Amino acid sequence: MATESALSTLSRYEALFELFGEVNTSTEIAQVGELLARRLKYVADVFSWRYFSLEAADSQSSMDQRVAIVVDGYRGKAAVDHIPVDRLCNVELELWSGKKSRFLEGDKLEDAKRSLPEQFHKPNIVQIYVCPRFGAGTLQSMVLYSKVRKPFNELDVKFLGLTSQIFHDKVYRLWEHQKLRKLETAYLQQEITLRQNEKLATLGKLSAGMAHELNNPAAAAQRGAEQMADELDRFDRAQRALGETSMTDAQSTALDKLLAFTMARVENPRDLDPVTRSDLESDIEGWLEDHGVAEPWEFAPTLAAIGLEKDALTELAQGFGSHQLSAVVASLSSIYSTRTLVEEIQEGAGRISQIVKALKSYTYLDQAPIQSIDVHEGLNDTLVMLRGKLKDGITIRREYDTELPQIQAFGTELNQVWTNIIDNAISAMQGSGELTLRTYRDDQWVVVVIKDTGSGIAADIQAQVFDPFFTTKPPGEGTGLGLNISHNIIVQKHKGQIEVRSRPGDTRFEVRLPLDHDAAAPEDENVS
């Protein structure tokens, strides 16, 4: 039996790793849902399941105005839908507000089956497992799994917990990407109308992205502030409970060391993969329950994040009495959670300040049309504006000439050029590669080279890239105006030069700008 159990566990984890690889390469939510539907049917004997995640709340929307993404799995198939939150059933909303994993059986199961979609109505469904997923301390999604004939066992639950984490991480990212793509599509469709005014064209192109960029840290700061009130109440109760215990000097010294360790962990959080984190939380929750700590599921995630695992907890229990252990655990957990929320709020506020500062510098508000420009500052501001598109797989290399002089230029229009070129480079690399920004002086010219390691531009079309309405992107993803506008800005407005050289893995746009704008002779229109 032990051998059979080990083989069963091994096969589950093999299936999990295979699923992880397939999910990572998926680009559509429906595709991810189909993968999960096929796997769960055969590996965990899940009859039907439902994943739902609510759109992040903001100060302008009420609960019933928000949208939920719903993925339903049944008989190895999956369906994706976006519905208003008020169309979710009462059972789902109650489970969402509960924020706990649980099993629905007996009368609770029958009540749930009547409210849930049709695939949960099969009479021989004996149990539904509710699996919530959290991110940044907030409930982000919930998955309901049903099983017929026999209830879930311990291995089922562990496998489903890990599977739902992998599935949620991918679907949540894809959903956010879809919403961003809708914003991008909206502002790209306006670009033809804005072409006559290049400055407004670029600001229009970036406005949706900036709204998205500002909304994320603003929502994070707001969410942290809202959670802080509850966390401070927990902190107050924990500290009062701790104060009611009589501690020796040795215990106080040990507690001070634990507090210092917890604060240090806030500054340097642990980097744990989902499988390891889930196993740690499960082990810690079991240990706390065995030692009589109430509501162990509430403390297990924070203790795992701090790094207080079973051995450390055992040592902690030896140093404190049983009546003191719960108070110490609650205190450490509340301190870590409170300080983490403070860090999140500070990070969100700092990010907003950085974006606003970059936006003001990028647009050169309240400045003359032509002024002394620091080319490096413009390039850096553009990177900030496009940060939402810079994926983790793209590295930035800055090879700046530290003695590069300032030039007389139209600041906003010049930043539009950097935006168009860098944006195209990011798209060409498809989430993985190296973006190089190089500057140097060549006699009376300032030269900027923007290089990417993407797929490149075919030799037979390189001469056309600056033509109006020419694009290599699929329909709906590009207007073909960005590089044409950039050419006009460099050649006509700045009397400079712009050219492209490309081969697979090495595409370079070279921009040459005169040091003395007024003394520069207009360039021939055929210069590319």
Side-chain angles (χ1 to χ4, degrees), residues 51-59 63 66 68 95-102 130-143 161-162 164-173 175-176 215-239 259 261-282 284-285 288 293-309 329-352:
Y51 166 96
F52 60 100
S53 180
L54 275 59
E55 190 172 43
D58 59 57
S59 58
M63 181 70 167
R66 290 159 62 188
L95 293 174
W96 185 271
S97 61
K99 299 182 181 180
K100 295 179 182 178
S101 60
R102 66 189 70 182
V130 182
C131 185
R133 300 313 327 173
F134 293 83
T138 302
L139 179 62
Q140 292 184 336
S141 73
M142 192 165 283
V143 193
L162 296 173
S164 63
Q165 181 67 60
I166 294 170
F167 178 78
H168 162 69
D169 286 345
K170 184 67 175 184
V171 170
Y172 201 75
R173 290 197 303 270
W175 192 25
E176 290 297 311
N215 182 66
N216 284 343
Q222 181 184 17
R223 183 171 59 247
E226 291 172 351
Q227 294 174 354
M228 182 65 78
D230 293 336
E231 202 57 53
L232 287 175
D233 288 339
R234 285 184 56 211
F235 177 79
D236 183 57
R237 291 195 302 270
Q239 293 303 106
L259 291 175
F261 178 75
T262 300
M263 297 296 289
R265 184 64 74 189
V266 173
E267 299 293 332
N268 297 285
R270 305 179 77 188
D271 184 16
L272 300 175
D273 61 83
V275 175
T276 303
R277 182 181 296 276
S278 178
D279 288 343
L280 282 177
E281 291 178 5
S282 178
I284 292 172
E285 184 176 336
L288 294 174
V293 177
E295 300 181 336
W297 59 86
E298 184 177 343
F299 304 123
T302 50
L303 294 181
I306 294 171
L308 292 178
E309 300 172 15
V329 167
S331 178
L332 293 174
S333 178
S334 65
I335 288 173
Y336 181 83
S337 297
T338 302
R339 293 296 302 180
T340 299
L341 287 173
V342 170
E343 291 287 327
E344 290 180 3
I345 294 170
Q346 289 177 335
E347 182 178 348
R351 176 79 179 117
I352 292 171

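None of the values given here were measured: they were computed from a predicted structure.
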Using the side-chain contact (heavy atoms from CB on, under 4.5 Å) criterion, which residues pair with [X]? Sequence neighbours excluded.
X    : result
L232 : M228, T338
P132 : S101, F134, L139, M142
I166 : L16, F20, V23

List in chain and number order the residues that pass ring-ring contact (aromatic ring centres under 6.0 Å, His included) with F167, two or more places apart in sequence or in another chain; answer none if no residue qualifies. W49, Y51
Test side-chain hydrogen bond (donor to acceptor under 3.5 Å, both in side chains) applied to [X] - qualifying residues, sequence neighbours left out:
X    : answer
Q140 : H168
R133 : S164, Q165
S278 : none
E344 : none

To the nearest 0.5 Å, tell me how far Y172 OH sits from S141 OG.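 Here the interatomic distance stands at 8.5 Å.
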With rounding to the nearest 0.5 Å, note down the distance linking OG in S337 to CG in D230.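 Reported value, rounded in 0.5 Å steps: 11.5 Å.
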On a heavy-atom basis, which atom in L259 and which in I335 lie closest, and how many Å separate them?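 Residues L259 and I335, closest heavy atoms: CD2-CD1, 3.1 Å.
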Please find the pair of heavy atoms, one from V130 and one from K100, that lie closest to each other, and give the distance.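 Shortest heavy-atom separation between V130 and K100 comes out as CG1-O, 4.0 Å.
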With no hydrogens and no angle check, just 3.5 Å: does a side-chain donor-acceptor pair link Q227 and T138?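 T138 and Q227 do have a side-chain donor-acceptor pair below 3.5 Å.
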